[in-house]
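Written below as structure tokens is the structure these notes are about.
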Amino acid sequence: MHETTSPASPGTAPPGVEDTVAHRWAQTLACVGQARQVLREALGQWGLAHLADDSAIVLSELLTNAIVHSDNPDRTVGTCFRRLPGRGGVRIEVLDADSGRLPRVPDPASGEDVRGRGLRLVELCTSQRWGIVLGATGKSVWGEVAR
């Protein structure tokens, strides 16, 4: 299943290219590579292929966290990629139905060196432009990659 929404802003992309690409995935690690491919295709259409590597890292970390750590009744997770207007960037969102478990970056002095490294990569790739939005039916963890 692949759905797109929101028409592109005039003059910023070829005709017929959407500003948003949204997708639902089965909550399995097998979808991470597929989601990266969808993201790379969207970035190419938006003229943002130069952001593909950092964007793929952000997506991989956020989506893997949602798959491994969230308790979703329907066993699905969502992704949403939005082209940022005027900034030459992308907002990557991962949605799940578990608002009880929030990602956190452990304090390096705490000795939790094995866990939390992925979120440190997200911080680096997004220049610390990432966060969590809680909603009535779960949460969205997002990051913005731009140059």
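Sequential numbering from 1 along the given sequence is applied to the chain's residues. As the structure is a computational prediction, the values presented were derived from the model and not from experiment.
- The nearest pair of heavy atoms linking Leu39 to Ser55 is CD2-O, 3.6 Å.
- The side chain to side chain donor-acceptor pair (under 3.5 Å) check on Thr79 picks up Trp25, with sequence neighbours excluded.
- Contact detail for Gly89 and Leu48: the closest heavy-atom pair is O-CD1, 3.5 Å.
- Residues satisfying the side chain to side chain contact (heavy atoms under 4.5 Å, CB included) test with Ser99, not counting sequence neighbours, are Leu134.
- Note that CZ of Arg24 and SG of Cys31 are 10.5 Å apart. Values are rounded to the nearest 0.5 Å.
- The two atoms that bring His69 and Asp98 nearest to each other are O-OD2, 3.9 Å, heavy atoms only.
- For the residue pair Gly143 and Val58, the shortest heavy atom distance occurs at CA-CG1, 4.5 Å.
- The backbone N or O of Ile57 lies less than 3.5 Å from no partner atom in the side chain of Arg36, so there is not a single donor-acceptor pair.
- Leu124 and Ile132 are members of different hydrophobic clusters when ILVMFWY side chains are connected at heavy-atom separations under 4.5 Å.
- Leu119 and Leu102 fall within a single hydrophobic cluster, where Ile, Leu, Val, Met, Phe, Trp and Tyr are joined by side-chain heavy atoms under 4.5 Å apart, directly or via other members.
- Gln128 contributes atom CD, which lies 12.0 Å from atom CZ of Arg120 (distance to the nearest 0.5 angstrom).
- Under the side-chain contact (heavy atoms from CB on, under 4.5 Å) test applied with Ile92, the options Asp54, Leu59, Val122 reduce to a single match, Leu59.
- Sorted by first and then second residue, the salt bridge (Lys or Arg N to Asp or Glu O under 4.0 Å) pairs involving residues 38-47 (not counting sequence neighbours) are Arg40-Asp53.
- Under the 4.5 Å side-chain contact rule for hydrophobic residues, Ile67 and Leu95 do not share a cluster.
- Taking a 4.5 Å side-chain heavy-atom cut-off between Ile, Leu, Val, Met, Phe, Trp and Tyr, the cluster of Trp142 extends to Val133.
- Looking only at side-chain heavy atoms (C-beta outward), Trp130 and Glu144 stay at 4.5 Å or farther from each other.
- Using a 4.5 Å heavy-atom threshold, the side chains of Val90 and Leu43 count as touching.
- For Asn65, the side chain to side chain donor-acceptor pair (under 3.5 Å) criterion is met by no residue, not counting sequence neighbours.
- Applying the side chain to side chain donor-acceptor pair (under 3.5 Å) rule to Asn72 yields the partners Gln27, Ser70; only residues at least two apart in sequence or on another chain are considered.
- Connection of Val145 to Trp46 is established within a shared hydrophobic cluster, with ILVMFWY side chains joined at heavy-atom distances below 4.5 Å, either directly or through further cluster members.
- Smallest separation of non-hydrogen atoms from Pro103 and Val141: CG-CG2, 3.9 Å.
- Within the model, atoms CD of Gln45 and CD of Glu18 stand 9.0 Å from one another, a figure rounded to the nearest 0.5 Å.
- Of the possible donor and acceptor atoms, one in the side chain of Lys139 sits under 3.5 Å from a partner among the backbone N and O of Arg101.
- Residues Leu63 and Val77 meet the side-chain proximity criterion, which asks for heavy atoms closer than 4.5 Å.
- When side chains are defined from C-beta on, Thr28 does not count as touching Arg75, because their heavy atoms never get closer than 4.5 Å.
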